[in-house]
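Structure first, then comments.
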Amino acid sequence: MIYVQIFLAFFIPGIIAYGGGPASIPLMEYEVVQRYGWLSAEEFGEVLAFSNILPGPIATKMACYIGYEVGGIGGGVVALIATVGPSTVLMIVLIGLLYRYKNSPRVQRLTMLVKPAIAVMLMVMTYNFFKDSFYHIGLPQTFLIGSFSLLLLSKTKIHPGVVLLAALIYGGFMFGLA
Amino acid sequence: MLEITIINVVCFYILLILTDLIITVKIGVSIISYVRSIKMCKVVSLIINKKLIYLFTAFFRIGILGYGGGPSFIPLIYIEIVRRYCWMTDDEFNNVLAIGNTLPGPIATKIAGFVGWKLAGFGGMLVSLSALVLPTALAVIILLTSMAALQDLPWVQGMRKSVPSVIGVMLGLVVYQFMDKSTKELGWLKSFFIFIISLIMIGVFNIHPGLIIFVIVAVALLWPVGNYEGEGRKN
C-alpha cells in the first residue's frame, strides 16, 4: 500500500510537470508535504537545498531520497521508477514512431524546421546561465572564466569534464576562500 | 563533525572519478585519451559487446558532472553522445530535444533512456538511466544526515558560482552548431524567420519553448506535403 502511495506521489508530478525537472518540484512538494505529510515544509526545503549542492538530476535525487525515507530501499526504487519511467517510455514510443517514418517528407521537414526553435531555446538557457553567473560573480570574472573555457573547449581537445573540474576548483579558491 | 563531512564528500568524489577511470582503462582506453576528448566512434563500433560498459561510463560521467540540474546536462550529453561516441547524429539529437521538450517530466533522463534504448534495447535503457541517476541519488541518502551544514561553507558556495559561465559557454557552442547547420539546410532567410519568431515568442511574450516546438512539430507533420517543402506557406 505504501508503495502505491509512493508511486502516485512521484508519478503525478512527473507526468503533469511541463518544462523538465525544476517544474516538477513544487508539485512534488504538494504531494509529499500537503497530501501525504511525509515531510514538513522545512524538511522538504532542506532536502531540496541539499540536492542542489550535489551534481546530477535534481528531481530524481529528491524522489530517491524521500522514497527511501518513507519506504526503505524498495520505496526509493519505486519513487525513482515513478519519476523517470513514464516520461521515458512516452519518449521512446514517440521517437520510435518518428524513426519508423524517418524517410517521409513530413518527418524530414520536421527535422529542418524545428532546428532554429531548438537553437533559440538553448540560447535562452545560455543567456540564463550567463545572467546567473553575472549576478553571482560579476562581469569581469564571468568574462574571464567564460573566455578561458571557450579557448579550452574550442581550441584544445581537453575533455569538458576536466574544464568543469578546473572551474570548480578555481571557484572554491577564488570566491570561497578569498 | 564538519571535517568528517568534508572528508566524506571529498572521498566520495574521488571514488566516483576513480571508478570512472578504472572502467575506462579496463575497456582499453588510455588515460590520455580519457582526459583529451578524442572521438571514439571507431573504437566503439569495433567493440560491440562492450556497448553497455561504454553506455554506463558515458552517462555516469554526465551524471556526476552536470551541476544545477536540467539544462546543464544538455551540452554534456551532446558532447559525449554526439561528438565523442557518435551514437547519434546532430539531426537525431535535434529531434530528441524537440520531442523531449514537448513531453512532461525531467529532460535529461528522457534523453538518457532513449539513447540507451536505441543502442541496446531495454537493458541499455536501464543501464543508461541508472548510470545517470543512481550515483548521486545514493549520495543524497548516504550523506544527507551529515551534510546539512555543508551548504553554508564558503568554499562550497564558491565552487557553485564558477560553474554557470562554463556551462553557458558549452551551450553557446551547441547553439552555434545548430545555427550553422540550420542556415545550411534551410537557407538564411527561412531559418532566421523561424529563429526570430521563436525568439520573440520566448523572449518577449514569455511563452514556454515546449509549446512553440510543439506547434512546429504539429505543423510539420500535419501540413499537406506539396511540391514545395517550406514552412507551410499558403498558396
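Residue numbering restarts at 1 for every chain, and letters A, B, ... go by the order of the sequence lines. Since the model is a prediction, treat every value here as computed from it, not as a measurement.
- Heavy atoms from other residues, nucleotides or ligands lying under 6.0 Å from CZ of Phe148(A) number 12 at most.
- The OG1 atom of Thr136(B) lies 5.0 Å from the NZ atom of Lys61(A); values are rounded to the nearest 0.5 Å.
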For this session: Output, in order, the C-alpha distance, side-chain angles, deciding distance and verdict of side-chain contact (heavy atoms from CB on, under 4.5 Å) for Met91(A) and Val96(B).
Result: CA-CA 8 Å; Met91(A) 174 92 172; Val96(B) 166; 3.3 Å; yes
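- With a 4.5 Å cut-off on non-hydrogen atoms, Ile197(B) does not touch chain A at all.
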Problem set entry | Trace of the side-chain contact (heavy atoms from CB on, under 4.5 Å) decision for Lys115(A) with Asp91(B) | CA-CA 8 Å; Lys115(A) 213 169 271 167; Asp91(B) 279 359; 2.6 Å; yes
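- Contact between Ala119(A) and Phe178(B) at its shortest, heavy atoms only, is CB-CB, 4.2 Å.
- With sequence neighbours left out, Ser133(A) forms a side chain to side chain donor-acceptor pair (under 3.5 Å) with Thr142(A).
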For this session: Determine, stepwise, if the pair Val120(A) / Met201(B) fulfils side-chain contact (heavy atoms from CB on, under 4.5 Å).
Result: CA-CA 10 Å; Val120(A) 172; Met201(B) 296 276 220; over 6 Å; no
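- Of all the heavy atoms in Val169(B) and Phe130(A), the pair that sits closest is N-CZ, 3.7 Å.
- Listed options Met125(B), Met179(B), Lys181(B), Glu92(B) were ranked by heavy-atom pairs under 4.5 angstrom with chain A; first place goes to Glu92(B).
- Atom CD1 of Ile73(A) is surrounded by 12 or fewer heavy atoms from other residues, nucleotides or ligands within 6.0 Å.
- When all heavy atoms are compared, the tightest approach of Ala117(A) to Ile194(B) is N-CG2, 4.4 Å.
- Looking at Leu129(B), the atoms closer than 4.5 Å to chain A (heavy atoms on both sides) all sit in the side chain, from C-beta outward.
- Contacts of Val114(A) with chain B are made by both backbone and side-chain atoms, with heavy-atom separations under 4.5 Å.
- Here Met112(A) contributes atom CE and Asn94(B) contributes atom CG; the two are 11.0 Å apart, rounded to the nearest 0.5 Å.
- Of the atoms belonging to Leu152(A), not a single heavy atom falls under 4.5 Å from chain B.
- Taking chain A as the reference chain and counting heavy-atom pairs below 4.5 Å, the highest number among Gly113(B), Ser165(B), Ala137(B), Ser198(B) is found for Ser165(B).
- Only the side chain of Ile74(B) comes within contact range of chain A, judged by heavy atoms closer than 4.5 Å.
- Interatomic distance, Tyr135(A) OH to Lys161(B) NZ, rounded to the nearest 0.5 Å: 10.0 Å.
- Under the side-chain contact (heavy atoms from CB on, under 4.5 Å) criterion, Glu29(A) pairs with Val33(A), Ala41(A), Phe44(A), sequence neighbours left out.
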Exercise. Would Lys118(B) and Ile95(A) satisfy side-chain contact (heavy atoms from CB on, under 4.5 Å), going step by step from the backbone distance to the final call?
Worked result: CA-CA 10 Å; Lys118(B) 188 191 165 215; Ile95(A) 299 257; over 6 Å; no
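- Looking at Leu122(A), the atoms closer than 4.5 Å to chain B (heavy atoms on both sides) sit in the backbone and in the side chain alike.
- To the nearest 0.5 Å, the span separating OH on Tyr68(A) from CG on Leu138(B) amounts to 10.0 Å.
- Interface residue Thr83(A): backbone and side-chain heavy atoms are both found under 4.5 Å from chain B.
- Of the listed residues Thr60(A), Asn128(A), Ile118(A), the one with more heavy-atom pairs under 4.5 angstrom with chain B than any other is Ile118(A).
- Residue Thr88(A) comes nearest to Thr109(B) through the heavy atom pair OG1-O, 3.9 Å, listed as atom of the first residue, atom of the second, then distance.
- Of the inter-residue distances, the one linking Leu94(A) atom CG with Asn95(B) atom CG reads 12.0 Å to the nearest 0.5 angstrom.
- Interatomic distance, CG of Leu150(A) versus CG of Leu173(B), reported as 5.5 Å (0.5 Å rounding).
- Per-residue heavy-atom pair counts under 4.5 Å with chain A were compared for Ile99(B), Ile196(B), Leu134(B), and the maximum is reached by Ile99(B).
- With Ser162(B) contributing its side chain and Ala167(A) its backbone, the two residues share a donor-acceptor pair below 3.5 Å.
- Proximity to chain B is absent for every atom of Phe143(A), based on heavy atoms less than 4.5 angstrom apart.
- Only the side chain of Ile137(A) comes within less than 4.5 Å of a heavy atom in chain B; its backbone stays farther off.
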